[in-house]
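Heads up, the thing below is written out as structure tokens.
Here is how names work: the chains are called A, B, and so on, in the same order as the sequence lines, proteins then strands, and each is numbered from 1.
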Amino acid sequence: MSVCLSARGLHLAFGGVRAADGIDLDVMTGEFLAIIGPNGAGKTTFINMTTGYLKPLAGSITFSGQSIIGLTPRRIVELGIARSFQLPQVFLEHSVLENVALAIAARTGFWKPSRPLLSPDVAAEAHDIIAKFGLADIADRGADTLNEGARKLTDIAMALALRPRLLLMDEPTSGVAAADKMEVVATLARVLREAGVTAVFVEHDMEVVDRFADRVAVWSQGRISALGTPGAVLSDPRVQRDVIGTRLVEAPHASA
Amino acid sequence: MSWFSDNGLLLGLATLDGLSYAAAIFMVAVGLNLIFGVLRVLNIAHGSFYAIGGYSAASLGLMFAARGLPAWAAFAALAIAAAIVGVLLGPPIARLLRRTQHQEPVLQLLVTFGLFMILEDLQKLIWGVQPIVFDRPLKLLGNVDVPFAGDLIPFTRYQLFVLPGIAIVTLVALAWTLRRTLFGRMLVAVTVDREAAISQGIDADRITMVTFTIGTALAALGGALSSATASLVPGVGAQTIVLSFAVVATAGLGQVEGAAITALLIGLGRSTAIYFAPELEVVIPYLIMVGVLLIRPQGLFGVIETRRI
Amino acid sequence: MMRAREILVAAVAAAAILLLTLAVPWLRFVFTIAIAKGITVLGILVLLRAGQVSFGHALYLSFGAYIVAFAAPFCPEALLLLPLAALGATLLGLVIGLFVSRYRDIFFGMLNLALSMVFYSTLEKFYSITHGTDGIRLARTTFLGMTLTPETQAWTALGLALLLAAVFAILVRIYLESPMGHGLSAIKTREARLEFMGISAQRVLLAAYVLSAFMAGCGGFIVAMATRQVTPSLAYWTASGELVFIAILGGTGSVLGPFLGAIAYELTRVYAAALFAEGWQMILGAVLLLVILFAPGGLWSILRRMARQRVGRDARP
């Protein structure tokens, strides 16, 4: 299996906070890698560095062997890396359909002023993607009227519409109603597997991690403190104490 | 060196003129900045406050003189006129702007444009279109010889001491208020995050109203102070507002001390142009602004805001 | 459905303008100027879609007008002067646009204002070239080789204005429906996301900006033809403010809004000036406040609401 994304010695600090303090990570082509860890551990910072939003003070990131340090987000998208956001970044004056169509147009031909956004082929593809995310009923709703979960799914659908080779997702399931969550993630996983997309996702739901991730990386204070299969990592007592621990203690059955 | 000895006098005059000019423009720009902070709108009508302040001061001063009041009353007229303009125009306009705050920024900006149109005509209706001169304060204090590069430059005491003096007092008072007083702290809180300030129990509407009134009075004071040095004509408000915009944008939004330094820069630039390249007089402030923003898009003292995503 | 109604409204309006002009001759000038401004305001509307207000677009209108004034003695043909004015304004828009499209909100607005003021004072101060505030009187022009009298020139200006208005309204409507057009409101709501889709927001805005300069240049041509005298006041910042005013007055929801707004603006101005010579600006200011407070969607949205109500009434048994 080849290396898709490779990070070496990433360092970045905001004021006194070390958001990245020597990150080394290889993401294999085709795998689903989950990133877990407490808030402030630098998980989003890693995605921000990989997508060109932040520039590390030191270290290297290569994608398919090519260095992407110093490239603009736009250039990185062109190389085949897309992302979704912790706070959904959707266009609020547009409908769900138009949001996804804009992403498709961005990929297939944005600069033709004579072609309408919702041309038949773009509209068809947009409807197709929207249906996969279970958003068909609200395709024509304005994005400003959506609840957090629907907004989140639209955000991911937009990233997917770019047909990336690597997709980075920042907490894709937060805000999505618990009842729909597993079904949505299963669909997403299937779509990504079919298209052969490599996926990295920050996740707080250990059930999602356990079921869908091939590997898990544990972030703590800007470093990777554990890396391995979900089975091995999630059962590591150290990880349980530092990352999942607090949650288990809060739950009544865990204290028994 | 020879250029300097040939042009020392002009350079000296340009510097002195620039100082007094910067003082007036600072008064307007700093008020504009305060108002932008609490209302998030650049008030186009702000230049009209300057013009109306100037006209009111002239009318009041001439009235005092006609009544035979003592000479110092001319100075009182300047302050009283500024206060009246602030109190009369500030609160109702602030209330109107608050009413439109939920609307798009473009519409809020256009509200101030509408107000500008109304105030411009109002001013013409009250004071007419003939130039009005009120140079009593200037004459009362007389001239002083300023030594500059071996020359003695005769210059009015008013422009040398009163204008810059009041600007400096304003700057210090504002900086002190913002940092040391409860009101100042609340104002900063409303500026940074209105919702959070309200949730902390701050009466944001009152802060807005008071700040707007202060800003209005400062602009009117700037106009009142300048009314002694230049005759008042229609269009002076329109001219002033674009200059203050240039100062605010060059300094960076929300900067009080930065606005002072930028006003100085633009004031000196403009007066130098008047003496050495008069056809550039109007252009210089904008060229400074464009040049600065080309190099520092957030303004000389502005802070780049990064958004969390 | 929507499109059919827009075309119908536009056709009826154009016919009404021609008929009114024949019946009331002094309206010809008012309408011509209004349509020239409407064409320019179309560009303001496009920029407003991106949430950006230019307080300096009178620069392009006046630039186009001055090109016509400067070129007319050497090249009197109206059909050559029009592309010349358009091209000049477009090139200027491209150069300035490369710079200002990097800025947003207040900085965008103020930079446009500053640059238009630079042009204004250039016109005013370099008397030997521009004749300062006196302006330049337009030399005699021709149309398809025929020399125009003041009367025929006025008709030519109105005819070309109507034609340009129709063409630009259609083009802008198509453009706004395209991804580039939708990209404008994407800049307004989530500019960062555009970049993360591989799209340069600056380029989206630049395209809109150059288009707006192009249309403003055409507007300037019409103004020069209709007034036969160009003066620096065309470039003063209040003239730019007036263009934004018209955009809001007409409403940004339709490409017909700018023309509706411009005609309403010019008529209000004429009547206000006749009624209250010293205070016409005050009346316009008050109208603007009332529109923003009570009909923030502008005249277009008022018309649409009225049309809906009528449809609603007709549908009732």
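Two residues are said to be in side-chain contact when any heavy atoms from C-beta on lie closer than 4.5 Å; B:Phe245 and C:Leu113 meet this criterion. Contact check for C:Leu115 versus B:Tyr286: no side-chain heavy atoms found under the 4.5 Å cut-off. Looking at heavy atoms from C-beta onward, C:Leu293 lies in side-chain contact with B:Leu96 at the 4.5 angstrom threshold.
Most heavy-atom pairs under 4.5 Å with chain C, from the set B:Val242, B:Val290, B:Val106: that is B:Val242. By number of non-hydrogen pairs under 4.5 angstrom with chain C, the leading residue of B:Thr100, B:Leu110, B:Leu107 is B:Leu110. Contacts with chain C were tallied for B:Glu120, B:Met117, B:Arg99; B:Met117 has the most, counting heavy-atom pairs under 4.5 Å. Top candidate by heavy-atom pairs under 4.5 Å with chain C, chosen from B:Ile284, B:Val248, B:Val282, is B:Val282. Across B:Leu287, B:Leu42, B:Leu253, B:Leu115, the residue that shares the most heavy-atom pairs under 4.5 angstrom with chain C is B:Leu42.
The interface of residues 96-112 of chain C with chain B, defined by heavy-atom distances below 4.5 Å, comprises C:Phe99, C:Arg102, C:Tyr103, C:Ile106, C:Phe107, C:Met110, C:Leu111. For residues 273-289 of chain C, a heavy-atom distance under 4.5 Å to chain B picks out C:Phe276, C:Glu278, C:Gly279, C:Trp280, C:Gln281, C:Met282, C:Leu284, C:Gly285, C:Ala286, C:Leu288, C:Leu289, given by residue number. For residues 48-58 of chain C, heavy-atom neighbours of chain B at less than 4.5 Å comprise C:Leu48, C:Val53, C:Phe55, sorted by residue number. Scanning residues 229-238 of chain C against chain B with a 4.5 Å heavy-atom cutoff picks out C:Tyr236, C:Trp237, C:Thr238, ordered by number.
For chain C, the nearby part of B:Ile44 is the side chain; its heavy atoms alone come within less than 4.5 Å. Residue contact with chain C, scored on non-hydrogen atoms closer than 4.5 Å, is absent for B:Gln108. Proximity to chain C is limited to the side chain of B:Gln103, based on heavy atoms less than 4.5 angstrom apart. Neither the backbone nor the side chain of C:Tyr120 comes within contact range of chain B, judged by heavy atoms closer than 4.5 Å. Heavy-atom distances place both the backbone and the side chain of B:Ala249 under 4.5 Å from chain C. The contact between C:Ile248 and chain B is made entirely by side chain atoms (from C-beta outward), counting heavy-atom distances below 4.5 Å. Using a 4.5 Å cut-off between heavy atoms, B:Gln123 makes no contact with chain C at all.
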